[in-house]
Chemist: 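Here it is, the structure, as structure tokens.
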Protein chains: 2
Amino acid sequence: MNKVKIWTAGLAFSCNSVMGGQPCDCLPPLRAAAEQLRQKDLRISQLQAELRRPPPAPAQPPEPEALPTIYVVTPTYARLVQKAELVRLSQTLSLVPRLHWLLVEDAESPTPLVSGLLAASGLLFTHLVVLTPKAQRLREGEPGWVHPRGVEQRNKALDWLRGRGGAVGGEKDPPPPGTQGVVYFADDDNTYSRELFEEMRWTRGVSVWPVGLVGGLRFEGPQVQDGRVVGFHTAWEPNRPFPVDMAGFAVALPLLLAKPNAQFDSTAPRGHLESSLLSHLVDPKDLEPRAANCTRVLVWHTRTEKPKMKQEEQLQRQGRGSDPAIEV
Amino acid sequence: MNKVKIWTAGLAFSCNSVMGGQPCDCLPPLRAAAEQLRQKDLRISQLQAELRRPPPAPAQPPEPEALPTIYVVTPTYARLVQKAELVRLSQTLSLVPRLHWLLVEDAESPTPLVSGLLAASGLLFTHLVVLTPKAQRLREGEPGWVHPRGVEQRNKALDWLRGRGGAVGGEKDPPPPGTQGVVYFADDDNTYSRELFEEMRWTRGVSVWPVGLVGGLRFEGPQVQDGRVVGFHTAWEPNRPFPVDMAGFAVALPLLLAKPNAQFDSTAPRGHLESSLLSHLVDPKDLEPRAANCTRVLVWHTRTEKPKMKQEEQLQRQGRGSDPAIEV
């Protein structure tokens, strides 16, 4: 009796039933079984490989590609509280997604304090610098309204947005054509609720809302009826074209780009600086009320006291002043 | 010739080689093959089930269970800028992991403004209330040093930490025994870098650092040699036991709990309030210098100007004052 040996993957046997020199007809089913086993081994290998594959990247918080960018324009100038104010503001801005900070120094060249602060902020930023011309500068003791502060700096940021360059640090390229965005002028001493930024993000033209603690009032702001701005709550020259504070409006970027001559006028009369920009851009009746039809205060015109340095001067006279190497 | 039919999972054949009424010895290997096929099908099902299982939860940022909690104690009182200050501070605190805000109102009962702000803050908080006794209250126009503000409120927070209850909102249970933590007294008008909180987190006893724009100086702060505090840079009574500002130190929670009588003394002379607590807790030579051996300013004693309300009063006399229903 001849034996026929058959080896297949994982299956070996010998057939002892050979008839007429031919193996018995067990052979085809055994071969079929061997093939099926081979195929199942293959499938198992494939599945094991699939399981070993690293898991897909964890679902990211939805990338806010679709969100319009908020361009926050902040003029700033060197003074004792400058770093404190900028730290505070930068930390607030860090809570807002899809935000680009345009920080504009009133200086001849970028200062190490501001450059260092921007670099450490973790924000997307553009660093700009422009010195206010001497004729427009406030003299010691002059009240702020003699020359409105920050005009040149805000216009410098508008220039950059319009592709006229000038960045000294951070992102140097202006927004690419077609960028959806909104521009907000945020001085470094005000207080901003993080909620404010979501109110302004989807501005189509010019959006407005109340500002707390400004103009000698608890708040100033637009008066709204049926979803439209019909007037302004303010005590100071209510007949100005736009009796709104710098912190009380935002402008869609496409609108600003479509009106390349719209900018702030440093010679505007007291209280008319905002109007000098907005008159180029929008009719008052088309202002878009935000913050629950202008019934919520989400920004406050806070002002920080100028610190007294009497003791510092005394100690300095004795050669014991605060270590100038320590940045404050 | 008899045929023996064998069916197995996915494998059917008939043996036509029966010898003496017995099927040929192909049968055992075929049965083995069938069993192997069954097992491989099982394995494939298991692997497919594993693949269908939802992926593991994405790697969370390491749960900061191991971080000591920072208890931030903030006394606050009603005034025009209160909400602005608290919004600003709460947003800063929201950047700090493992932080518990103890907000203590100087009031008879919790105010809607503060309760609402806490609820909206997203912070872990405890809301406390204690009215400053009339004899210790500042009268209109009195300078702040006549009665140091916030003494009762800070002591109320210490009471709560020590299990003496009194919370009116938020987390009402005090830290469980053995909690690792640190206590910091953060007034609502100062400016805090988020970095400051990581400096204080691992305080063993009492840690210290400089404070900007305080005491008439660019900064006040400990002087450090070889990693130890050897003196203090200050212009005001440098011989006070602890010539440090309220914003310039933090205390380990276990130390505070181990000294149940340590609290602020409302009758302490001007500039000695901090010393009235710290004298119970630590020897000046054992203070732990932080912030790069006290060479970095990460907190500023900023003060917010009291807003003028002249126009508000005028409009109110004409019945046109700012809508009192709008919270500012």
Side-chain angles (χ1 to χ4, degrees), chain A residues 10-11 13 15-17 19 24-26 29-30 32-33 36-37 40-41 43-44 47-48 50-51 55-56 58-59 80-81 84 87-88 91-92 94-95 191 193-194 210 212-213 215-219 233 235-236 295 297 300 302-305 307-312 314-315 322 326-328, chain B residues 10-11 13 15-17 19 24-26 29-30 32-33 36-37 40-41 43-44 47-48 50-51 55-56 58-59 80-81 84 87-88 91-92 94-95 191 193-194 210 212-213 215-219 233 235-236 295 297 300 302-305 307-312 314-315 322 326-328:
Chain A
L11 189 68
F13 78 105
C15 182
N16 54 4
S17 327
M19 301 168 80
C24 80
D25 64 354
C26 299
L30 278 164
Q36 283 190 45
L37 281 167
K40 286 189 196 296
D41 281 335
R43 180 83 189 115
I44 287 169
L47 289 167
Q48 284 171 333
E50 275 185 59
L51 278 167
L80 279 166
V81 298
V87 162
R88 187 144 68 174
Q91 291 180 165
T92 296
S94 76
L95 294 165
T191 301
S193 164
R194 63 194 295 177
L213 309 177
L217 299 177
R218 288 179 66 241
F219 66 88
H233 173 63
W236 170 263
T295 63
V297 172
W300 297 261
T302 43
R303 296 175 57 100
T304 304
E305 281 183 13
K308 299 190 182 78
M309 287 289 113
K310 206 175 95 181
Q311 281 73 23
E312 186 70 54
Q314 286 175 354
L315 289 192
S322 302
I326 295 184
E327 187 179 86
V328 177
Chain B
L11 189 68
F13 79 105
C15 184
N16 54 4
S17 325
M19 302 168 83
C24 78
D25 66 355
C26 299
L30 278 164
Q36 281 191 46
L37 281 168
K40 287 191 196 292
D41 281 336
R43 180 80 188 115
I44 287 169
L47 288 168
Q48 284 170 332
E50 273 184 59
L51 277 167
L80 279 167
V81 298
V87 163
R88 188 144 68 176
Q91 291 180 165
T92 296
S94 75
L95 294 165
T191 301
S193 164
R194 62 194 295 178
L213 308 177
L217 299 178
R218 287 180 67 241
F219 66 88
H233 173 63
W236 170 263
T295 63
V297 173
W300 297 260
T302 42
R303 295 175 57 100
T304 304
E305 280 183 14
K308 299 190 182 79
M309 288 290 112
K310 207 174 93 181
Q311 280 73 21
E312 185 70 53
Q314 285 174 353
L315 289 192
S322 302
I326 295 184
E327 188 178 85
V328 177

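From a predicted model like this one, the values you see are computed outputs, not experimental measurements. We name chains A, B, ... by the order of the sequence lines, and we start the count at 1 in each one.
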Chemist: Can you tell which of B:Pro307, B:Ser193, B:Pro210 has the highest number of heavy-atom pairs within less than 4.5 Å of chain A?
Modeler: B:Ser193

Chemist: Within a strict 4.5 Å, meaning less than it, do heavy atoms of the B:Thr302 and A:Arg88 side chains meet?
Modeler: yes

Chemist: Quick check on the interface: out of B:Lys310, B:Arg218, B:Gln314, who has the most heavy-atom pairs with chain A under 4.5 Å?
Modeler: B:Arg218

Chemist: Less than 4.5 Å apart, side chain to side chain, heavy atoms only: is that true for A:Leu315 and B:His233?
Modeler: yes

Chemist: To the nearest 0.5 Å, how far apart are OG1 in B:Thr92 and CD in A:Gln91?
Modeler: 5.0 Å

Chemist: What part of B:Leu80 gets closer than 4.5 Å to chain A, counting heavy atoms only: side chain, backbone, both or neither?
Modeler: both

Chemist: Is chain A contacted by the side chain of B:Glu327, its backbone, both, or neither, given a heavy-atom distance below 4.5 Å?
Modeler: backbone

Chemist: Sort B:Ile326 into side chain, backbone, both or neither according to what part of it lies under 4.5 angstrom from a heavy atom of chain A.
Modeler: both

Chemist: For the atom pair CG (B:Leu213) and CD (A:Glu305), what is the distance rounded to the nearest 0.5 Å?
Modeler: 11.5 Å

Chemist: Among A:Val297, A:Val328, A:Leu95, who wins on heavy-atom pairs under 4.5 Å with chain B?
Modeler: A:Val328

Chemist: Do B:Thr304 and A:Arg303 make a side-chain contact, defined as non-hydrogen atoms from C-beta onward lying under 4.5 Å apart?
Modeler: no

Chemist: Side chain, backbone, both or neither: which part of A:Lys308 has a non-hydrogen atom closer than 4.5 Å to chain B?
Modeler: backbone

Chemist: Would a 4.5 Å heavy-atom cut-off, applied to side chains only, mark B:Leu217 and A:Met309 as touching?
Modeler: no

Chemist: What option among A:Val87, A:Thr295, A:Ile44 has the most heavy-atom pairs under 4.5 Å with chain B?
Modeler: A:Ile44

Chemist: Is any side-chain heavy atom of A:Val81 closer than 4.5 Å to one of B:Trp300?
Modeler: no

Chemist: Of all of A:Arg43, A:Glu312, A:Arg194, which one pairs up most often with chain B through heavy atoms under 4.5 Å apart?
Modeler: A:Glu312

